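Contents: one structure, followed by commentary.
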Amino acid sequence: MFRLETEVDKERHRLLSKRLQEGNVAASGGLRALLSTSAEHEVPLEVWALDEQGTVAGGLTGRTWAYWLHVDLLWVDARHRGSGLGSQLLAEAERVARTERACTRSRLETWDFQAPDFYRKQGYEEIGRVEDYPPGVTEFILTKRL
């Protein structure tokens with residue numbers, strides 16, 4: 001018999017993560033091959049665009065791991081949209097990932113009302129989609145070879 005609990009527990013979360021990672025590494029030669037390489041650990045990657053006053057005009061946050069760039073957030077202030085700033089932010093993140101972190105691929109998710117066409121213009125290809133996530137919205141999963 002088991003007792004199920006639904007509380008947030010940071011210690012149990014760390015334990016679960018550690019045990020899952022150990023099991024994954026034991027089961028996957030690909031994950032074992034990453035051990036002791038520069039791509040073993042997830043490393044944050046951020047690119048910021050500041051205007052003349054030092055105000056954030058746009059930014060990109062993501063991370064690199066396993067020779068992949070994962071773009072989490074890309075935002076450009078409405079006043080600067082259409083200026084190419086989004087393309088510059090993405091290109092700089094890809095450059096850093098490729099030249100400084102040996103990444104060979106990039107991935108991201110975007111919703112249908114956000115920017116799937118923008119990313120396609122940057123060379124990203126749709127590899128999947130999740131319909132109705134959240135309800136009434138489609139999420140796209142896109143990748144690109146760097």
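All values derive from a computational prediction rather than experimental measurement.
With sequence neighbours left out, the side chain to side chain donor-acceptor pair (under 3.5 Å) criterion links Tyr124 to Glu94, Ser106. For Arg101, the side-chain contact (heavy atoms from CB on, under 4.5 Å) partners are Val43, Leu45, Thr64, Val96, Cys103, not counting sequence neighbours. Take Glu92 and apply the side chain to side chain donor-acceptor pair (under 3.5 Å) test, not counting sequence neighbours, and it matches Arg95. Take Leu31 and apply the side-chain contact (heavy atoms from CB on, under 4.5 Å) test, not counting sequence neighbours, and it matches Asn24, Val25, Ser28, Leu34, Trp65. Applying the side-chain contact (heavy atoms from CB on, under 4.5 Å) criterion to Trp111, with sequence neighbours excluded, gives Phe113, Gln114, Tyr133, Pro134, Val137, Glu139. By the side-chain contact (heavy atoms from CB on, under 4.5 Å) test, Glu7 pairs with Glu5, sequence neighbours left out. Contacts of Arg14 classified as salt bridge (Lys or Arg N to Asp or Glu O under 4.0 Å), with partners at least two apart in sequence or in another chain: Glu11. The side chain to side chain donor-acceptor pair (under 3.5 Å) test applied to Asp112 returns no partner, not counting sequence neighbours. Arg129 meets the salt bridge (Lys or Arg N to Asp or Glu O under 4.0 Å) test with Glu126, Glu131; sequence neighbours excluded. Remark: Asp117 engages Arg120 in a side chain to side chain donor-acceptor pair (under 3.5 Å) (not counting sequence neighbours).
Rounding to the nearest 0.5 Å places OG1 of Thr55 at 7.5 Å from CZ of Arg79. Atom CG of Asp72 and atom CZ of Arg107 lie 9.5 Å apart (nearest 0.5 Å). To the nearest 0.5 Å, atoms CG (Leu89) and OG1 (Thr61) are separated by 11.0 Å. Separating the OG atom in Ser83 from the CD atom in Gln88 is a distance of 7.0 Å, to the nearest 0.5 Å.
Between Leu50 and Val56, some side-chain heavy-atom pair lies under the 4.5 Å cut-off. Side chains of Phe118 and Leu90 form a contact here, defined as non-hydrogen atoms less than 4.5 Å apart. Residues Tyr119 and Thr143 are not in side-chain contact: their nearest non-hydrogen atoms beyond the backbone lie 4.5 Å or more apart.
Residue Trp48 comes nearest to Gly59 through the heavy atom pair CE3-CA, 3.8 Å, listed as atom of the first residue, atom of the second, then distance. Of all heavy-atom pairs spanning Ser87 and Gln122, the tightest one is OG-NE2, 3.2 Å. What you find for Leu146 and Ala97 is that their closest heavy atoms are CD1-CB, 4.3 Å.
Using a 4.5 Å cut-off between side-chain heavy atoms of Ile, Leu, Val, Met, Phe, Trp and Tyr, with links allowed through other members, Leu85 and Trp75 fall into different hydrophobic clusters. Trp68 is not connected to Val71 by any chain of hydrophobic side-chain contacts under 4.5 Å among Ile, Leu, Val, Met, Phe, Trp and Tyr, and they are in different clusters.
Under the 3.5 Å distance criterion, the side-chain polar atoms of Arg145 are left unmatched by any main-chain donor or acceptor of Thr104.
The stretch residues 19-29 participates, sequence neighbours left out, in these salt bridge (Lys or Arg N to Asp or Glu O under 4.0 Å) pairs: Lys18-Glu22. Counting only residues at least two apart or in different chains, salt bridge (Lys or Arg N to Asp or Glu O under 4.0 Å) contacts with residues 40-54 comprise Glu42-Arg63.
Within 6.0 Å of NE2 on His80 lie more than 12 heavy atoms contributed by other residues, nucleotides or ligands.
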